[in-house]
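Below is one structure, written out as structure tokens; the observations come after it.
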Amino acid sequence: MAGPGGDMQWCFSQVKGAIDDDVAEADIISTVEFNHTGELLATGDKGGRVVIFQQEIENKNLPQFRSEYNVYSTFQSHEPEFDYLKSLEIEEKINKIRWLPQKNAAQFLLSTNDKTIKLWKISERDKRPEGYNLKEEDGRYKDPNTITSLRVPVLIPMDLMVEASPRRVFANAHTYHINSISVNSDDETYLSADDLRINLWHLEITDRSFNIVDIKPANMEELTEVITAAEFHPHQCNTFVYSSSKGTLRLCDMRASALCDKHSKLFEEPEDPSNRSFFSEIISSISDVKFSHNGRYMMTRDYLSVKIWDLNMENRPVETYQVHEYLRSKLCSLYENDCIFDKFECCWNGNDSVVMTGSYNNFFRMFDRGQRRDVTLEASRENSKPMQVLKPRKVCAGGKRKKDEISVDSLDFNKKILHTAWHPQDNIIAVATTNNLYIFQDKVN
Amino acid sequence: MSGDNEETQTTENTPADEKQAQDKVISPEKSEEAKLKARYPNLGNKPGGSDLLRKRLQKGQKYFDSGDYNMAKAKIKNKQLPTAAPEKTEITGDHIPTPQDLPQRKPSLVASKLAG
């Protein structure tokens with residue numbers, strides 16, 4: 001069976017996490033992100049913890065084993081807090097992780113919960129000093145009178161220790177809940193976005209930030225839309241985009257003015273008014289926006305589709321892919337069980353030829369833009385034998401269900417894949433189910 | 001010109017026919033909307049409007065509001081203290097929360113199972 005990209009097929013590589021069905025809330029994965037080389041893979045969870053996996057170096061030249069990732073570091077990034085002034089609980093859930101490009105031996109990442117962004121330094125220690133003059137090996141101080149000679153301590157190898165330390169804490173700049181962070185291509189600044197405002201930070205400065213977008217109306221009764229996601233352009237350090245709950249994208253240029261409330265470009269697909277329903281606005285809300293690696297396109301994810309926008313064309317997307325159109329006739333129950341508000345993310349592959357997003361029943365979808373092919377795959381323990389090829393799945397919308405198809409009513413809406421990530425340079429993908437992380441790679445012939 | 005008209009009539013429905021067909025076939029979205037309105041007749045017509053958004057902005061549990069607490073205490077001066085329902089509600093109202101009602105919010109001391 002051919003998949004996207006010609007005859008590319010996907011194989012199971014690894015699954016991380018517990019097998020038990022009783023999922024503790026803290027274990028719910030809330031973000032997944034590869035670093036810029038793909039060597040490191042970070043996950044954040046509802047319990048405020050970050051786990052970083054590292055690609056097994058020895059396997060890099062063995063094509064069929066190159067997607068082996070092992071635990072590299074894990075730490076508690078955020079803790080639950082209580083805002084006594086507003087009587088509000090601040091969740092420790094990690095909303096987003098973004099890696100900084102590597103500049104020296106250490107790795108840096110930004111992690112954020114609803115209110116506070118933290119810069120973490122992850123460094124390796126593989127040597128320790130030995131042979132102190134004044135200290136014993138166990139650290140106790142020697143009696144100076146017993147020392148008769150002088151020696152130079154030497155560095156000896158030790159078992160690798162990976163340490164994570166918080167280097168900056170960027171706090172108290174968001175009244176509303178942070179949904180996005182994005183590192184600028186200038187390597188100096190980053191943005192953080194909440195429901196109504198976007199702030200620009202300098203990575204070195206924690207006690208202030210610039211507000212660059214503010215859509216809070218003077219009268220909150222007039223509130224009609226909120227910011228749902230934001231991202232910097234991959235190459236143009238003055239350009240960023242933010243999406244809204246009404247399905248619009250605004251491209252902003254920071255050179256135009258200090259406060260970018262006035263957009264440079266507004267991307268919106270005109271709606272057919274005769275098709276408008278109670279659900280129209282809810283399902284048009286954009287849950288994720290991502291620039292392509294080449295910076296020429298943007299991808300948005302709304303409840304039922306993925307859209308590709310050309311930066312030069314504002315009036316409609318250049319491509320639209322239906323993720324799970326069969327859900328359109330289930331919107332009533334999806335509204336009742338709140339699933340209609342699920343925020344799915346989306347991602348590009350390294351050369352922007354394929355896009356991927358998650359769905360329900362632990363299904364995820366890939367759309368090959370060039371080949372005009374799409375596939376539905378499943379992340380499940382049943383298909384987790386080493387190097388097992390994933391069989392394409394099909395959902396039967398109605399009528400006669402063929403063998404191997406699954407009917408819409410049998411879909412498990414509690415098994416959602418909201419977070420997926422694609423290795424920036426290779427065909428290795430990380431797919432997060434509720435509490436497990438699956439790693440797949442393309443089949444090597 | 002006349003040749004074109006003939007073609008249109010044989011290969012496509014006339015506009016009148018099409019409209020009739022459309023009236024019979026309601027979009028799945030609209031029929032879902034009808035279902036929802038039947039179940040919740042009080043649902044407002046502006047779903048994406050302020051109410052939904054404001055609920056979203058206020059996400060985060062309200063536990064203890066000393067103002068509400070004192071108001072409620074004053075109100076039920078003459079009544080017995082009601083037993084608190086172990087339920088997360090957005091507005092405290094007349095119900096006085098007690099420390100036992102509040103779920104414990106401790107940081108996770110357990111390592112992530114992904115690292116196991």
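Sequence lines set the chain letters: A, B, ... in the order given, protein chains first and strands last, and positions in each chain run from 1.
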Checklist outcome for this item: To the nearest 0.5 Å, atom CD of Glu29(B) lies from atom CG of Leu327(A) at 12.0 Å
Next on the checklist: So which residue, Arg328(A), His78(A), Glu81(A), ends up with the most heavy-atom pairs under 4.5 Å with chain B?
Outcome noted: Arg328(A)
Item to check | Nearest heavy atoms of Val71(A) and Ala115(B), plus distance in Å | outcome: CG2-CA, 3.7 Å
Checklist entry - Should the heavy atoms of other residues, nucleotides or ligands under 6.0 Å from CG of Leu160(A) be counted, would the total exceed 12? => result yes
Next on the checklist: Are there over 12 heavy-atom neighbours, none belonging to Asp272(A), within less than 6.0 Å of that residue's CG?
Outcome noted: yes
Checklist entry - Quick check: does any side chain N or O of Glu33(B) sit under 3.5 Å from a backbone N or O of Ser277(A), one acting as donor and the other as acceptor? => result no
Checklist entry - What residues, two or more places apart in sequence or in another chain, satisfy ring pair (Phe, Tyr, Trp, His ring centres under 6.0 Å) together with Tyr438(A)? => result Phe440(A)
Checklist entry - What is the distance from atom NZ of Lys35(B) to atom CG of Leu331(A), rounded to the nearest 0.5 Å? => result 9.5 Å
Next on the checklist: Under a 4.5 Å cutoff for heavy-atom pairs, which residue among Cys332(A), Ser329(A), Ser333(A), Ser73(A) has the most contacts with chain B?
Outcome noted: Cys332(A)
Next on the checklist: Which atoms of Ile52(A) are under 4.5 Å from chain B, going by heavy atoms: the side chain, the backbone, both sets, or neither?
Outcome noted: neither
Checklist entry - Where is the tightest heavy-atom contact between Asn435(A) and Leu114(B), given as atom of each residue plus distance? => result O-CD2, 3.8 Å
Item to check | Segment of Ser112(B) engaging chain A (4.5 angstrom heavy-atom cut-off) | outcome: both
Next on the checklist: Counting only non-hydrogen atoms closer than 4.5 Å, does Ser280(A) touch chain B with its backbone (N, CA, C, O), its side chain (CB onward), both, or neither?
Outcome noted: both
Item to check | Region of Leu334(A) that comes under 4.5 Å of a non-hydrogen atom in chain B | outcome: neither
Next on the checklist: As an exercise, state the distance from CD1 of Ile340(A) to CD of Glu32(B), rounded to the nearest 0.5 Å.
Outcome noted: 9.5 Å
Checklist entry - Closest approach of Asp27(A) and Lys113(B), non-hydrogen atoms and distance? => result OD2-NZ, 3.1 Å
Checklist entry - If you count the non-hydrogen atoms of other residues, nucleotides and ligands that lie under 6.0 Å from CG in Asn172(A), is the total more than 12? => result no
Item to check | Heavy-atom contact with chain B under 4.5 Å, split by part of Phe53(A) | outcome: side chain
Checklist entry - Just checking, is any N or O donor in the side chain of Glu336(A) or Tyr40(B) under 3.5 Å from an acceptor N or O on the other one? => result yes
Checklist entry - For Phe75(A), which residues count as a ring pair (Phe, Tyr, Trp, His ring centres under 6.0 Å) partner, sequence neighbours excluded? => result Trp120(A)
